[in-house]
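Right, one structure below, let's go through it.
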Amino acid sequence: MPSSADYDLPLRPRRLRRTENIRRMARETRLSTDNLIAPLFVMEGENEREEVPSMPDTYRHTVDRLVDKAETLSALGIPAVALFPAIPAARKTPDAAHALEPDHLYPNAVRALKEAVPELMVITDTALDPYNSDGHDGIVRDGEIVNDATIDVMRDMAVLHAEAGADIVAPSDMMDGRVGLIREALDHAGHANTAILSYTAKYSSAYYGPFRDALDSAPKGDEEAPDKAIPDNKDTYQMDPANSEEAVRELMLDLEEGADMVMVKPALPYLDVIHRVKQHSDVPVAAYNVSGEYAMIKAAAQNGWLDEKNCALEALTGIRRAGADLILTYFAEDAARWID
Ligand code: PBG
C-alpha cells in the first residue's frame, strides 16, 4: 500500500482555498450591490405598512413610507427598485380600467419616488393582474386570455408610467408582441429614453404564491359561472417549466422587438435557462429570485433549520454564476448590508 507520505501529488486545487485572501484572489463570481434590484409593494393610505404574511420582513408601504424605504435602499447603493401596486379589490374590474387612470396610486407613487430620490431607477410593471378582477395578466373573454386586446392596454400603461417618470418599464405578462408595441408607443409619445426590461422567459411557476398573496392577485377562476371556465392558472401565456429552447425563441423575439434588458423568472429552478439566455443575449440579463424562493429560506431560517444570511448569499451568488447580470430579490436590502 503506498502511503500519502511518498505519494507524489503535484496538482492540488486546495492550494487556492487555503486562506480567505487566496480564495478572494481565485474567486470567479462577484455579487455586488450594483447587481441588485429591490422589488417594492405600494398600497393606498398614509403612514402605514403591512407585512406580507407569507413573506416575513417584506411589506406593502403607503407612498410616504415607500419613499423612506427607497431613500434607504439608494443610500445602500442599490441602483433600482421594481414597483408593484396593491390595488384594493373594489377597484379591480374585468377590463383593468383603473390601470389607465392618470392619477391613481401607481403613477402617483412613481412621481413621489422620482421627486424624492431622482437618481434611483424606477422600474414599473406593465401587466394587468393587479387591476384585473379575474387575477389574470390579460383581458379574459369567454375563458380565454386574449392577447391583442391586452397588449393595447399594456401599451397605454407603459406610456402612463413613462409620463409619471418611470426609467424602465417591465412587461411581466408574456403576451406576444408587447415589447415591440410598447417601444413604438413610447417613442411616439416622446419617451425614447425610457428603457424596456422584458420578462422574456417567465415560467408558469408555483413559486409566485406569496407574491399573489401580497397583491391579492391570484387567478381566480369563476365560481359563480363555472361554465365561463376562467382558468385558475396562467399556463396559456406563461412558459411551461419543462422548456428551454422556447426561452431562446422568446429571447430572439424580444431582442428584435427592442428589449433593452431581458429577464428569466423564477431564478433558482431555472439556472440552466439563465445560463442559456446569457449566452445568446447581447443585452443585460436579469433573473427574478421570486417570492416563493424568498419564502422558503425565510421559513426554514425561522425554524432554525437554515442560516438565512449564508443561504441567501449562496443563492444570489449561484444566480450570478449562472449568468445573471442583475437580480431582482426581496433580499436586496439585507444583501446590500451583508456585502458591505
Ligand atoms: C404578474 C407578476 C407576478 C410576479 C411578478 N409579476 C406573479 C404572477 O405572474 O402571477 C411574481 C413575483 C414573485 O413571485 O416574486 N405580472
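First listed ligand is number 1; within each ligand, the first listed atom is number 1.
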Inset, instruction - Flag yes if more than 12 heavy atoms outside E20 fall under 6.0 Å of its CD atom; otherwise flag no. - result: yes
Inset, instruction - Can you figure out which of Y208, F211, Y207, Y203 has its heavy atom closest to atom 3 (C) of ligand 1? - result: F211
Legend entry - Shortest protein contact, atom 14 (O) of ligand 1 (heavy atom only): S291 OG, 2.7 Å
Inset, instruction - Decide whether the shortest distance between a heavy atom of D137 and an atom of ligand 1 is less than 4.0 Å. - result: yes
Inset, instruction - Please check if atom CG in N303 has more than 12 non-hydrogen atoms from other residues, nucleotides or ligands closer than 6.0 Å. - result: yes
Legend entry - Cation-pi, Y59 ring and R49 (6.0 angstrom, 45 degrees): yes
Inset, instruction - Looking only at protein heavy atoms, identify the closest one to atom 16 (N) of ligand 1 and say how far it is in Å. - result: S172 OG, 2.7 Å
Inset, instruction - Verify, without hydrogens or angle tests, whether R91 (side chain) and Y131 (backbone) share a donor-acceptor contact under 3.5 angstrom. - result: no
Inset, instruction - Would you please determine whether E293 falls within less than 4.0 Å of ligand 1 on a heavy-atom basis? - result: no
Inset, instruction - Please indicate whether any nitrogen or oxygen in K234 is less than 3.5 Å from any nitrogen or oxygen in ligand 1. - result: yes
Inset, instruction - Could you grab the distance from atom CZ of R321 to atom CD of E28, nearest 0.5 Å is fine? - result: 9.5 Å
Legend entry - Selection residues 66-75 - residue pairs positive for salt bridge (charged side-chain N to carboxylate O under 4.0 Å, His left out), sequence neighbours left out: K69-E333
Legend entry - Contact check: Y199 vs ligand 1, nitrogen or oxygen atoms, below 3.5 angstrom: no
